[in-house]
S.K.: 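Just passing along the structure, written as structure tokens.
Just so it is clear: chains get the letters A, B, ... in the order the sequence lines come, proteins before strands, and each one is counted from 1.
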2 protein chains.
Amino acid sequence: MNAVERLTEYGIKPSVQRMAIMGYLMTHRTHPTADEVYSALCDSIPTLSKTTVYNTLKLFVDNRAALMLTIDDKLVRFDGDTSLHSHFLCHRCGKVYDLPYSGKKSEARMPNLEGHNIEEIHHYYKGVCRECLEKEV
Amino acid sequence: MNAVERLTEYGIKPSVQRMAIMGYLMTHRTHPTADEVYSALCDSIPTLSKTTVYNTLKLFVDNRAALMLTIDDKLVRFDGDTSLHSHFLCHRCGKVYDLPYSGKKSEARMPNLEGHNIEEIHHYYKGVCRECLEKEV
DNA sequence: AATAAGTTTGTAATCATTACAAATATAAAA
DNA sequence: TTTTATATTTGTAATGATTACAAACTTATT
């Protein structure tokens, strides 16, 4: 599936900027910040505005074509993979890793907990990643 | 357990400000922001500085006497209850509710997932809370 | 009391994010 | 095609939570 198909699937009309941003999310599974998306694309789209990146990412999230991760208290990150999975933040190198979702699978279908209407589930781990642990020695 | 005991238990030397802030966290399970803590205490401690509130909450978190919640992308919230439990954010009224932890209990003891050293687990739900759903009708 | 160490305070910066209005592009109507 | 309306993008300026920093203050130690 390409970026255009992905956008239309979520009811988002494609444009040069939207395709580029969605394309970046699809090919870079690094959970980038808005600023990282902007920096990566502003060479190929010289007129690109940072406001557009913010607005477009918000549009994706509102239409459930992307996830907004609040795992880091400093920066909001975005994830083009909207399937249910967990995230791990290394507080040493700042990288965010994907992990399989470890909550009860029965809750994957947006349960109704204590009367609340659940729309999103986020599962975050924090610590020191394998790579940083190896460097330690 | 009172605030002083709690502080010393976590190796934090008590002070007027620290006792007041820890006391507030212990008696108000509302997951307050730094600003809310400041506003609540600045009457009883007129000289209190917002910087102190920020520094002190950070001190608590560093010493694991409190949790920092990043469930909301706008505001960092704090929780004096450091036991393993989940949180639910209502995106209509902004309130944060406690929920029982629904991940695998076996992971409660800080597992070693894919070689990473896990130090914290956060489980966030988002949606519309029971109270807001009732008002809707 | 004098000195050192730890804590608090106020002000000024930082910096990610948003508000807003002008400019541009796309679609629809004439 | 031209005109008109609608949608999208852009740049600049503001917002606001958080932090840096150095002075003031408090507590502990010599």
S.K.: Separation of B:Asn63 atom CG from C:dG6 atom C1', in whole Å?
M.R.: 15 Å
S.K.: State whether a side-chain donor-acceptor pair under 3.5 Å links B:His91 with B:Asp72.
M.R.: no
S.K.: Can you name the side chain to side chain donor-acceptor pair (under 3.5 Å) partners of A:Asp73, sequence neighbours left out?
M.R.: none
S.K.: Can you check the A:Ile12 CD1 to C:dT26 P distance for me, whole Å?
M.R.: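 Result: 18 Å.
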S.K.: Among D:dT9, C:dT8, C:dG6, which nucleotide sits nearest the side chain of A:Gln17?
M.R.: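 In terms of side-chain proximity for A:Gln17, the closest of D:dT9, C:dT8, C:dG6 is D:dT9.
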S.K.: Do any N or O atoms from the side chain of B:Lys95 and from the backbone of B:Phe88 form a donor-acceptor pair under 3.5 angstrom?
M.R.: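 Judged by distance alone, no pair lies under 3.5 Å.
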S.K.: Should B:Ser15 be listed as having a side-chain N or O under 4.0 Å from OP1 or OP2 of C:dT7?
M.R.: no
S.K.: Rounded to whole angstroms, how far apart are OH on B:Tyr38 and C1' on D:dG16?
M.R.: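 From B:Tyr38 OH to D:dG16 C1': 16 Å.
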S.K.: What one-letter contact string describes nucleotides 17-24 of chain C from 5' to 3', where B marks a base within less than 4.0 Å of any protein heavy atom, S marks contact via sugar-phosphate atoms alone, and - marks no contact?
M.R.: BBBB----
S.K.: Could you check B:Tyr125, B:Tyr101, B:Tyr97, B:Tyr124 and say which one makes a side-chain contact (heavy atoms from CB on, under 4.5 Å) with B:His87?
M.R.: B:Tyr124
S.K.: Measure CZ/A:Phe60 against P/D:dT8 and give the value in whole Å, please.
M.R.: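 From A:Phe60 CZ to D:dT8 P: 12 Å.
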S.K.: Within this structure, what is the CD1-to-C1' distance between A:Ile45 and D:dG11, rounded to whole angstrom?
M.R.: 17 Å
S.K.: How about A:Thr33 and A:Asp35: does a side-chain donor come under 3.5 Å of a side-chain acceptor?
M.R.: no
S.K.: More 5' along DNA chain D: B:Lys13 or A:Leu48, using each one's nearest nucleotide?
M.R.: A:Leu48
S.K.: For A:Thr52, answer base if it contacts any base atom (sugar-phosphate contacts may also be present), sugar-phosphate if it contacts only those atoms, and nothing otherwise; contact means non-hydrogen atoms under 4.0 Å.
M.R.: base
S.K.: Given the rule in the side chain to side chain contact (heavy atoms under 4.5 Å, CB included) test, do A:Arg18 and A:Leu59 qualify, once you have shown the distances and angles that lead to the verdict?
M.R.: CA-CA 10 Å; A:Arg18 290 172 181 176; A:Leu59 179 77; 3.6 Å; yes
S.K.: Could you check which of C:dT8, D:dT9, C:dT9 has an atom nearest any side-chain atom of B:Arg18?
M.R.: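 Nearest to the side chain of B:Arg18 among the choices is C:dT8.
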S.K.: Answer yes or no: is there a donor N or O on one side and an acceptor on the other, between the side chain of B:His116 and the main chain of A:Val128, under 3.5 Å?
M.R.: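 No, because the side chain of B:His116 does not come within donor-acceptor range (under 3.5 Å) of the backbone of A:Val128.
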S.K.: Could you check how far CZ of A:Phe78 sits from P of C:dA16, rounded to whole Å?
M.R.: 13 Å
